[in-house]
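Before any comments, here is the structure.
A quick note: this is a predicted structure, and the numbers were derived from the prediction, not measured.
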Amino acid sequence: MTIRTLLVDDEPLALERLRDLLRADPEVEVVGACLDGARALEAIRLLQPDLLFLDIQMPELDGFEVLEALAPGERPLTVFATAYDRFALQAFQARALDYLLKPFGMERLRETLSRVKAVLRGARAVEHQGELEALLASVERRPRPERFVIQVDRRVVVLSADEVDAVEAEGNYAWVYRGKDAYPVRGTMASLEARLGPVGFVRVHRSWLLNLDRLRELQLGAKGGIAVTAGELRVPVSAPQRRKLQEALEAGR
């Protein structure tokens with residue numbers, strides 16, 4: 001069995017050390033190494049590795065956000081590697097395939113590779129995907145800036161919530177608007193409203209959330225109105241939601 005493996009860490013020395021340790025196992029083939037999350041996304045989709053060693057703290061995209069940007073079927077077996085013990089390690093132990101607390105040695109790595117091989121041989125293949133999904137859900141409580149990680153062709157676009165004018169929901173997907181540029185993301189209106197409400201987004205229509213900080217003008221009509229954003233996006237405001245919007249604006253004075 002050959003285990004095609006991708007390494008992701010923003011520290012070059014850590015990457016080289018892990019690569020050196022993995023050379024001791026003839027079943028492991030390192031097919032690539034990445035220094036940041038955006039490149040990791042591209043490499044995962046291009047190389048389709050069996051196994052991913054993934055750092056947690058990285059600039060722009062952290063390890064959790066890399067996995068969240070992938071569809072469940074795109075995620076390889078994942079081993080988290082971190083120099084910090086504050087990332088719910090107990091949850092990792094119970095639900096992830098494995099984690100490695102840096103610095104780790106060859107004996108600890110052998111234990112991890114034994115678990116990887118058991119999964120790849122089918123002993124726990126079905127259970128692992130559920131464990132990884134549970135892990136991602138468990139870390140949603142981590143405080144972090146709200147941002148969207150969006151794959152556009154061969155690019156990864158990262159938008160922070162404060163530069164988003166509005167979000168338009170369509171079933172299980174949505175369009176995130178920066179000005180008049182629209183980017184597709186997964187998510188229902190309910191989930192997006194719960195996620196973005198605490199950072200200043202308000203429901204102004206059955207299918208629209210508006211960033212109050214980006215509102216520049218509210219044009220009133222007989223049955224609602226139009227919100228004009230800093231990016232010159234025109235967002236419909238329904239009659240039932242117009243009062244709530246005006247109240248939110250009054251409260252912010």
Side-chain angles (χ1 to χ4, degrees), residues 1-89 92-93 95-121 125 128-129 131-133 135-136 139 142 144 147 149-158:
M1 177 172 58
T2 299
I3 305 171
R4 302 177 69 257
T5 303
L6 179 68
L7 315 181
V8 182
D9 198 304
D10 65 341
E11 298 179 9
L13 291 178
L15 277 180
E16 282 306 309
R17 183 174 183 276
L18 179 54
R19 190 194 294 266
D20 287 342
L21 290 173
L22 290 172
R23 286 194 182 103
D25 192 316
E27 293 182 282
V28 175
E29 177 189 1
V30 176
V31 296
C34 303
L35 289 167
D36 60 67
R39 289 186 177 88
L41 275 178
E42 295 177 0
I44 291 167
R45 291 182 168 127
L46 177 64
L47 299 173
Q48 297 182 4
D50 303 308
L51 174 63
L52 176 65
F53 281 91
L54 184 60
D55 190 13
I56 294 178
Q57 282 205 321
M58 296 183 291
E60 293 190 7
L61 296 183
D62 66 26
F64 296 113
E65 288 166 327
V66 169
L67 292 179
E68 289 164 0
L70 295 167
E74 293 179 309
R75 294 171 189 154
L77 296 182
T78 302
V79 173
F80 290 95
T82 176
Y84 305 92
D85 62 1
R86 65 174 183 268
F87 288 104
L89 295 187
F92 285 24
Q93 184 97 38
R95 295 170 176 171
L97 178 63
D98 208 346
Y99 75 90
L100 295 171
L101 185 60
K102 303 175 187 175
F104 52 86
M106 192 63 219
E107 183 177 352
R108 181 67 181 88
L109 183 59
R110 285 196 191 99
E111 293 176 7
T112 295
L113 292 175
S114 293
R115 299 183 69 185
V116 168
K117 292 171 186 178
V119 170
L120 292 177
R121 290 185 179 115
H128 174 65
Q129 184 61 46
E131 291 173 351
L132 187 53
E133 292 290 339
L135 172 63
L136 290 177
V139 299
R142 294 176 305 122
R144 62 179 179 183
R147 54 189 174 185
V149 181
I150 305 160
Q151 180 82 19
V152 181
D153 297 325
R154 296 185 60 82
R155 299 180 297 126
V156 176
V157 178
V158 181

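In terms of the side chain to side chain donor-acceptor pair (under 3.5 Å) criterion, Asp10 has no residue partners (sequence neighbours excluded). Residues forming a side chain to side chain donor-acceptor pair (under 3.5 Å) with Glu29 (at least two apart in sequence, or on another chain): none. In terms of the side chain to side chain donor-acceptor pair (under 3.5 Å) criterion, residue partners of Arg45 (sequence neighbours excluded) are, by chain and number, Glu74, Gln151. Applying the side chain to side chain donor-acceptor pair (under 3.5 Å) criterion to Asp50, with sequence neighbours excluded, gives no partner residue.
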Could you go through Thr78 and Leu67, starting from their C-alpha distance and side-chain angles, then the distance that decides it, and tell me whether this counts as side-chain contact (heavy atoms from CB on, under 4.5 Å)?
CA-CA 9 Å; Thr78 302; Leu67 292 179; 3.8 Å; yes

Passes side-chain contact (heavy atoms from CB on, under 4.5 Å), Leu51 versus Leu113? Steps please.
CA-CA 10 Å; Leu51 174 63; Leu113 292 175; 4.3 Å; yes

For side-chain contact (heavy atoms from CB on, under 4.5 Å), just list the numbers for Leu7 and Leu22, CA-CA rounded to whole Å, side-chain angles, deciding distance to a tenth of an Å, and then say yes or no.
CA-CA 10 Å; Leu7 315 181; Leu22 290 172; 3.7 Å; yes

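For the pair Val8/Val66, no side-chain contact is recorded, criterion being any heavy-atom separation below 4.5 Å from C-beta on. Side-chain contact between Ile44 and Leu52: present, with at least one pair of heavy atoms (C-beta onward) separated by less than 4.5 Å. Phe104 is not listed as a side-chain neighbour of Thr112, based on a closest heavy-atom distance of 4.5 Å or more. Residues Val116 and Thr5 form no side-chain contact, since every pair of their non-hydrogen atoms from C-beta on lies 4.5 Å or further apart.
Each side chain to side chain donor-acceptor pair (under 3.5 Å) pair with one or both residues in residues 18-28, not counting sequence neighbours, appears once here: Asp20-Arg23, Asp25-Lys117, Glu27-Lys117.
Summarising the geometry of Phe64 relative to Asp62, their closest heavy-atom pair is N-OD1, 3.0 Å, with the distance given to 0.1 Å. Closest heavy-atom contact between Leu54 and Met58: CD1-CE, 4.2 Å. The shortest non-hydrogen separation linking Pro49 to Ala43 is CD-O, 4.4 Å.
Atoms CG and CG, on Leu13 and Leu18 in that order, are 12.5 Å from each other to the nearest 0.5 Å.
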Validation: residues 31-41 side-chain donor-acceptor distances under 3.5 Å, sequence neighbours left out:
unit_1: Asp36; atom_1: OD1; unit_2: Ala38; atom_2: N; d: 3.1
unit_1: Asp36; atom_1: OD1; unit_2: Arg39; atom_2: N; d: 2.8
unit_1: Asp36; atom_1: OD2; unit_2: Arg39; atom_2: NH1; d: 2.3

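By the 4.0 Å N-to-carboxylate-O rule, Glu111 lies close enough to Arg108 to be salt-bridged with it.
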